[in-house]
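Just so it is clear, the structure is predicted and the values come from calculations on it, not from any experiment. Atoms considered below: every heavy atom in the structure, side chains included; atoms not considered: hydrogens, waters and symmetry mates.
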Amino acid sequence: MNGSTPLSLSQGRAFVKNVVSGDTVVLRAKPVNAPPVERILSFSNVSAPRLGTTKDFDKEEPFAFQSREYLRKLIVGKEVAFKVEYTTATNKRDFGVLLIAPPGIDGETNVTRLLVKEEIPGLMPSPELGTSYFTPRQFDVQHAAKIAIAEDKKRPLSQNLHPIHILMNAVDDSVNLEADFDNIFKIFERKTLSPGQILWLPGDDANELLIVEEGELISISETEDKSSERVVETLLSGTMIGELEMFSDRPRSGRLQVSGHSNTTVIWELSREAYQNLENTNPKLAIKFVRLVLTFDCERMENVVKHAASLW
């Protein structure tokens, strides 16, 4: 798929920058002499399990994180065709469809239909997709999901928290941290941030890595002549930042702050001191943790390279 489309149009081509949930993505246009324009698009005719929020974590639906991760691995960093089918009048939310490049998967290029065919637990298609996309197993999965949420609430709260889910879903099966779950969880600190709050500045010591649970952070860099600034990355839920500088002992290269558009932003922080304590008390687990983080970064870098290659 070649070409560039302003995201102000109702259809065209864009890159998938991020996945907000199992049915909502952030699209980014190709940069043309200016920072790329972004647009949030939700899929029409389907509803994915809802992620919990900071205030109502117990309302998270079963398999919400898994459905988002499946979609992320399927399309993040790839160029897609999009079409906005309608926009809600109240909150101006765009709904539409995404198409991946032919031949797609088993001949199917419509992302919504791919999700339904995959029979992701909790994913609810609407009749507009056609009865051919409903299977008996689809409804069995929904029933199993209802049972799962009841069982899920019986677990200790720590086993439902986001940073561990984010990291463990990013790693391959050869890195098994289930047995070390509590030790990993304990080294993180959960923090709620204020709109516009600055987390670090250029030249600051890299004393922590962060994982975004909810809200939005922005990474800002100065131009070479220091005459102006620009946003180089928007960090949404499920994103990790600061780990490379912390582990390589390099100073911060830019400014990181909470977006002024984000009313509620929650992050999980791992401090250098907490990680060093882990190294001293459990060096084998510390190595496994670093391997997990590097796997997360490797997947992200592959997406960046694919995106960069498509711009040439």
Next on the checklist: Once salt bridge (Lys or Arg N to Asp or Glu O under 4.0 Å) is applied, what residue pairs with a partner in residues 93-105 remain, sequence neighbours excluded?
Outcome noted: Arg39-Asp94

Next on the checklist: To the closest 0.5 Å, what do you measure between CD1 (Ile211) and CZ (Arg190)?
Outcome noted: 12.5 Å

Next on the checklist: Through direct or indirect side-chain contacts below 4.5 angstrom among Ile, Leu, Val, Met, Phe, Trp and Tyr, which residues connect to Ile287?
Outcome noted: none

Item to check | Trace of the side-chain contact (heavy atoms from CB on, under 4.5 Å) decision for Val111 with Val25 | outcome: CA-CA 11 Å; Val111 174; Val25 300; over 6 Å; no

Checklist entry - Parallel, tilted or perpendicular for Phe95 and Tyr86, by the 30°/60° rule? => result parallel

Next on the checklist: With a 3.5 Å distance limit and no angle check, can you tell me whether Asn110 reaches the backbone of Thr112 through a side-chain donor-acceptor pair?
Outcome noted: yes

Next on the checklist: I'd like to know whether CD of Glu85 has more than 12 heavy-atom contacts from other residues, nucleotides or ligands below 6.0 angstrom.
Outcome noted: yes

Checklist outcome for this item: Output for pair (Arg255 CZ, Trp200 CH2), nearest 0.5 Å, gives 13.0 Å

Item to check | Verify same cluster id: Leu209, Val290 (apolar side-chain graph, 4.5 Å) | outcome: yes

Checklist entry - How many angstroms lie between atom CD1 of Ile267 and atom CE of Met240, to the nearest 0.5 angstrom? => result 13.5 Å

Checklist entry - If every non-hydrogen atom of Ile187 is compared with every non-hydrogen atom of Leu270, which pair is closest and at what distance? => result O-CD1, 3.2 Å

Next on the checklist: Can you give me the closest heavy-atom contact between Val19 and Arg72, atom names plus distance?
Outcome noted: CG2-CA, 3.6 Å

Checklist outcome for this item: Minimal heavy-atom distance between Phe82 and Arg13, with the atoms involved, is CE2-N, 3.7 Å

Item to check | Side chain to side chain, Leu115 and Tyr70, heavy atoms closer than 4.5 Å | outcome: yes

Item to check | Side chain proximity check, Val16 to Lys78, heavy atoms < 4.5 angstrom | outcome: no

Item to check | Side-chain touch Leu294/Phe247, heavy atoms, less than 4.5 angstrom | outcome: no

Item to check | Lys186 NZ to Asn277 CG distance, which is reported to the nearest 0.5 Å | outcome: 13.5 Å

Next on the checklist: So does Ala206 get a backbone contact from the side chain of Arg272, meaning a donor-acceptor N/O pair under 3.5 Å?
Outcome noted: yes

Item to check | Spacing of Leu235 atom CG and Ser259 atom OG [to the nearest 0.5 Å] | outcome: 10.5 Å

Checklist entry - Between OG of Ser219 and CG of Leu199, what distance do you get to the nearest 0.5 Å? => result 10.5 Å

Next on the checklist: Just so I know, are the side chains of Phe289 and Val293 near enough to count as touching, which here means a heavy-atom distance under 4.5 Å?
Outcome noted: yes

Next on the checklist: How about CG on Asn280, more than 12 heavy atoms from neighbouring residues, nucleotides or ligands closer than 6.0 Å, or not?
Outcome noted: yes

Checklist entry - Taking it one step at a time, do Arg252 and Leu201 satisfy side-chain contact (heavy atoms from CB on, under 4.5 Å)? => result CA-CA 7 Å; Arg252 301 299 187 192; Leu201 296 169; over 6 Å; no

Item to check | Non-hydrogen atoms of Thr281 and Pro283 that approach each other most closely | outcome: C-CD, 3.8 Å

Item to check | Whether Ser194 side chain and Gln197 backbone form a donor-acceptor pair below 3.5 Å | outcome: no

Item to check | Exam field: side chain Glu245 to backbone Ser253, donor-acceptor pair closer than 3.5 Å | outcome: yes

Checklist entry - Do Glu38 and Arg28 sit within salt-bridge range, that is, some charged N less than 4.0 Å from a carboxylate O? => result yes

Checklist entry - Of all heavy-atom pairs between Tyr275 and Ala286, which one has the smallest distance, and what is that distance? => result OH-O, 3.7 Å

Next on the checklist: Let me check something: do Val97 and Leu71 share a hydrophobic cluster, defined by ILVMFWY side-chain heavy atoms less than 4.5 Å apart, either directly or through other members?
Outcome noted: no

Checklist entry - Taking all non-hydrogen atoms of both residues, which atom of Leu98 and which atom of Val80 are closest, and how far apart? => result CD2-CG2, 3.8 Å

